[in-house]
Each structure stands twice: as C-alpha cells, then as structure tokens.
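Reviewing the structure listed below.
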Amino acid sequence: MLDIASIAKLGGARKYNIDETIFYAGDSGHEMFIILKGKVGVLINSIDGFPIKVAELGPGDFFGEMSLLEGMPRSATVEALEDCIVMVINENNFEKIIAQQPNLAYRIMKGMSGRLRKQNEEISQLKHGEAAESQASEVNSSVKILDDSIFPPNHKTYPLTASPDDEAFLFDREVTCPVCEKTFTVKSVRSSKLRLDKVDNDMRQRFIDIEPLWYLVWVCPHCYYSNFNFEFKQVSDSMARKFLDQSTELKDKVKLQFSNPRKIDEVFASYYLMLQYLRMSTQDPSAGAKVWLRLSWLYYDVQDEEMFIYASQQAYDMFKDSYYNGRRSTTVEQEQRLSLLLGELSLRLGENEEALKFFRGALVRKADGNNTVNRQAEDRIAQLRETNKT
Ligand SMILES: [Zn+2]
C-alpha cells in the first residue's frame, strides 16, 4: 500500500471537478498523478482519432507516468468521472517521493507495461460491442445561409431537434478560443454519464439515450473557428493567424447560433464549418475522412439517403487515400481496423469486390494480428460469399 498521507506532504494536491479534463492525448506534460479521492476515466483515440473510454482508475491508482519519466506526450485523455483530488508528482518532488516510497517505483514500472497491454485488449472488446455493460419540432432554424458554398449542393434543411432530455447529459463549459483568444460557453457532454450500448460495424458508437455527435464540434461564435472538442486546442500560432484572416469571409457566408435544445441544421453547419478549417490547416486525408464518416451517420439519422451515400463516398475516398498514401505510424491492429472500415464503406457503396479485398486485407494471422478484427473480417467474407452465390 502507498502511504498517501506522507506522499501528500511532499507534493501539491489538486482538485478536479466531475467531467473536467485533466489532460488531453497529445498534450505535453511533465507531471504524473496519484488519485487520492474520486475516479477518473482514461480515453484513448480509436483508429480515426476518436476517444473511447478504456479504463477507470480510483484511489491509489496513478496515471501520466510516461510523460514524467520519458517526456512523452500524453498517450491518453484523462477526465474526472467524479469530483477528484489528485496528488501531483513532478520532476522536483519525484526523487524525494521515490526515496520515501520505494514500492511506488516498483508499481510504476509494473503498471507501465501492464496498462498498455490491458488497453489494447479492452479496446478490442469495446469495438466488438462486448463491453456494453461496463459502461421534431418546428424548423425555425438559427442557421442563416447567406452563401451556400460551404454546403454540398444537395444538402437540405431537416426538421429534427435534440431532445430536451439531452440536458441531463450536458454541462456548460467555458472555453478560450485558440484562434481569436476570446472566451465563450459550449455545451459539453458529461462523459461520466455516457453508457455505451453497442458499436456498429462501421465503428459508430451507440450510446443509451443520447447522441454525442450533436455536441462533438465546438464553434467559436466570435471567429467561427470550429473543431472536434478533443482537438479544439490544437492550433498552431501561424494557423491561427491564417484562419483569422479568412474568418470575416466565412462569417459572410453563414450565420450560426445554437438554439437550446439545438437543431440538427445547426449541428450540420458546425461540421461544415469545421471542414472549412481543416481544408486550410491540413493535408492529411484522414482528417476530412473522419468528419465525413460522422456526417454520413447524421444524414442516416435524418433519413436523407442521397446525402448519406454522398457523405459515405467522401469518407471512403479519403480513408482510401490515407490507407494507400498516408504517412502513418500505426499499429498492425489499427491498419486492420482501417481495412475493415474500408470494407464496410465499400459494401455500403455497392462495391462488393472492393469490400472483399478490404476484408481480406483486414485478416492478419500473425501473432501481432488482432483476433477480434480477424473474426469480424471472416464473418463479413462469409456473408459476402453467401450473397454472391444467390
Ligand atoms: Zn474564435
């Protein structure tokens, strides 16, 4: 057991409120944390950059040690699932603490190798939907389209409004825009309340009683910079200046203000605003692909078949570009999952031959291949063979 009381004397304790983010994956940091009170959730990025919860940690558990010891960027996002008090260990007090608590050093070493392995196993189960237990009104749109060039030609308006019950899952968060540096309030989903129901074949996570996709994109109301909430802060200074130069032009094209409860048209506008930013800021096709994949799900929900196919085609083309040409540093498992997703999208677009090719590509029999993916790929190949027979 750790002697928490004596550790507490050496370092600073810090409080985090429920749903507060302690750090994001990719952040730099030189601290590790020991939980004194409360619970935190560990979220890692799935294949296309989306966070999924892979672990919960409680009192006595620690996290963030890789950044402290090796100066590596944070490998996961950590959020408070309850009000928490954590002990902060940094370069200044680390040696003192280890000297006093040699078994902490042992636990850190053991934890480092064990945790990564566990996360990989859990992510497989999550994707396979096995971890479910662990975890229209009037359209009076507040989106004014002054120039529809930010939307594709056949995009329409849709009579769908969020349920007032969503409010129970949401809280207001103050955010400072990394582009214009002004502050504003966003609706943020309490990840502590999310219960995963299942994961679709195309990796869409279904949650009980709420669709977090509606709240995934934050829009700065001052400069219209828009991005996924978990990537919102990741803007370089030069990109911020470049975007700010064009922001007036963007605001001439569309006016967006979220209603409460929000309307699907506002949600669509937020995704298309984000695409405007991404076009300017990145050459990476997978960045656009993950936006289009989510747009396809939203179009599915509003039952616009034509736009569902259109968005799926965009996602498919961009993921394919990334698959063949991307410079990625990915694991074998991530490659398998991308191949599987490309198979699903091919199938959706009626390209059965391509689908078969990608499902076969997802099969990796070697030791580093993931068996959950292998099983799913085998199932899809068998189903395709059946369909081709009849
Ligand atoms: Zn801004």
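Sequence positions, counted from 1, serve as the residue numbers for this chain. Numbering of ligands and ligand atoms starts at 1, following listing order. Being a predicted model, the structure only gives us computed values, none of them experimental.
- Counting heavy atoms from C-beta outward, Val189 and Leu170 have side chains that approach closer than 4.5 Å.
- Applying side chain to side chain contact (heavy atoms under 4.5 Å, CB included) to Val373 and the options Gln336, Gln334, Glu378 leaves one that passes, Gln336.
- The shortest heavy-atom contact between Met239 and Met280 is CE-O, 3.8 Å.
- Among Tyr224, Trp292, Tyr277, the single residue meeting the ring-ring contact (aromatic ring centres under 6.0 Å, His included) criterion with Tyr272 is Trp292.
- Listed here is the closest heavy atom pair of Leu278 and Ala287: CD1-O, 3.8 Å.
- Protein N, O or S atom count below 2.8 Å of the Zn ion (ligand 1): the structure gives 4.
- A centroid separation of 6.0 Å or more is found between the aromatic rings of Phe169 and Phe207.
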